[in-house]
Structure formats: C-alpha cells, structure tokens
Amino acid sequence: QAEDGIRDYKVTGVQTCALPILDDEAATTALGGRLSAALRHGDVVCLWGALGSGKSTLARGLIRALTSLDEPVPSPTFTRIQTYDGPEFAIAHLDLYRVKSAHELAELGLDEAMDEGAVLIEWPERLEHYLPADRLDIVFALPEASQGRRVRLLPQGNWKDRAIEF
C-alpha cells in the first residue's frame, strides 16, 4: 500500500477490475493521480456514475497529476469541455450531461480532442453508438452501506491488452 492509501495494482488482459472502496474525496483524487501514469496520447477514459459519485474528483486528480497540483480544474458542466496542456500531450475534459443531440457532440470536437491528446469523458452514455471502441471505462457506484465509492475499471478494445499499473 502506497502513501496515498491506494494499494499498487497491475491490470493486464482483464475484462474488469474492482478496486477497494475509496473512503473519501482524497482517495478518489489519489486514484486519478495514480491512473495518470497510464494515460497516453489518443487515449479515451470514460467516467460512468451518478451525480456526486466522484467522476469530476477523479478527473481533477488525473489532470493535476499531468499539469500542476494547483491547476484550476473546474467542472466542465456548463462549458462542456475544458482543455489543459500536459507535459507530453493535451488533456480534454468533457462533461456531456447537458448534451441533447448528436449535432451538439459534433460541435464539441471529440475527434479533434483525441487527435491532440487524451480525453476524459463524464456522462459518456450520451455518446451512445459514438463511443470509441478503444477506451478505459471507469464505473463509480455509491454503496448503500458505505460513505465511500466503489470503482470498477473496464478496459475496452486496445486497453484490454495494456498493462495498467497504479
């Protein structure tokens, strides 16, 4: 177990990986920071879960790990997309909660964002059949008997054969 309270994991060639319950916001932020090491140019990470389940917190931790710890990382709920300059590639953070049509998706420039760097997507279910085949799905659940969050990693496409260490 590392200083940030998250056990070291190596995930390769699996269909799913359930992580221990994240006790608080700090643990969710730390997980985002740890996952940042696996992120590459062109990657898509989809964050699934209910309102308040930790999607934005994980995204904030991941983005700050690739930029700076004091980087302002507002939720893109109203702007729908925020972009950040990482050391090797750009990071686009999309929130599709308010997207109502495929036309709006085209206006966001998802393809361009993937060409320029990595993409984090909250509310990816709005993409429907436009979801990229190669992606890492991170699914958040709020267990009834716990104050924490349950997180499951679901590698899709080329993510299934990648070693993800965190």
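None of the values given here were measured: they were computed from a predicted structure.
What you find for P72 and R64 is that their closest heavy atoms are CA-NH2, 4.4 Å. Of all the heavy atoms in G33 and A65, the pair that sits closest is CA-CB, 3.7 Å. Listed here is the closest heavy atom pair of P76 and L94: CG-C, 4.1 Å. Of all the heavy atoms in G157 and D134, the pair that sits closest is CA-OD1, 3.2 Å. When all heavy atoms of A59 and E122 are compared, the closest pair comes out as CB-OE2, 4.5 Å. Across all non-hydrogen atoms, the minimal contact from S36 to L66 is CB-CG, 3.8 Å.
Each of I91, D137, I138 was evaluated against V45; a single residue qualifies, I138, per the side chain to side chain contact (heavy atoms under 4.5 Å, CB included) test.
The 12-atom threshold is exceeded at CZ of F89, counting heavy atoms of other residues, nucleotides or ligands nearer than 6.0 Å. At most 12 non-hydrogen atoms from other residues, nucleotides or ligands lie less than 6.0 angstrom from CG of D85. When the shell of 6.0 Å around CD of E25 is examined, it contains 12 or fewer heavy atoms from other residues, nucleotides or ligands. Heavy-atom contacts from other residues, nucleotides or ligands closer than 6.0 Å to CD of E88 number 12 or fewer.
Using a 4.0 Å cut-off between charged nitrogen and carboxylate oxygen, D43 and R162 count as a salt-bridge pair. Under 4.0 Å is where a charged nitrogen must lie from a carboxylate oxygen, and between E104 and R80 at least one such pair does.
In terms of modelled atom types and a separation under 3.5 Å, the side chain of R126 and the main chain of Y97 share a donor-acceptor contact.
Atoms CD and CD1, on E112 and I81 in that order, are 9.0 Å from each other to the nearest 0.5 Å. The structure places CD of E116 at 8.0 Å from OG1 of T83, a figure rounded to the nearest 0.5 Å. Atoms CD and CG, on E125 and L127 in that order, are 9.0 Å from each other to the nearest 0.5 Å. For the atom pair CG of D95 and OG of S56, the computed distance is 6.0 Å after rounding to the nearest 0.5 Å. Here the CZ atom belonging to R149 is positioned 9.5 Å from the NZ atom belonging to K55, to the nearest 0.5 angstrom. From H93, atom NE2 reaches atom CD1 of I121 across 10.0 Å, with rounding to the nearest 0.5 Å.
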Test side chain to side chain contact (heavy atoms under 4.5 Å, CB included) applied to V44 and M114, step by step: CA-CA 7 Å; V44 175; M114 289 189 309; 3.1 Å; yes
Worked verdict on L108 versus L96 for side chain to side chain contact (heavy atoms under 4.5 Å, CB included): CA-CA 10 Å; L108 286 176; L96 305 180; 3.4 Å; yes
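Stacking of R150 on the aromatic ring of F140 is not recorded, the 6.0 Å distance cut-off and the 45° axial limit not both being met.
The shortest side-chain heavy-atom distance between L58 and L47 falls under the 4.5 Å cut-off. Looking only at side-chain heavy atoms (C-beta outward), L51 and W123 come within less than 4.5 Å of each other. Within the 4.5 Å cutoff, no side-chain heavy atoms of T29 are placed close to those of L62. Here the side chains of L154 and L136 are not in contact, with every heavy-atom distance at 4.5 Å or above.
In this structure, L69 is not a member of the same hydrophobic cluster as L35, with clusters built from ILVMFWY side-chain heavy atoms closer than 4.5 Å.
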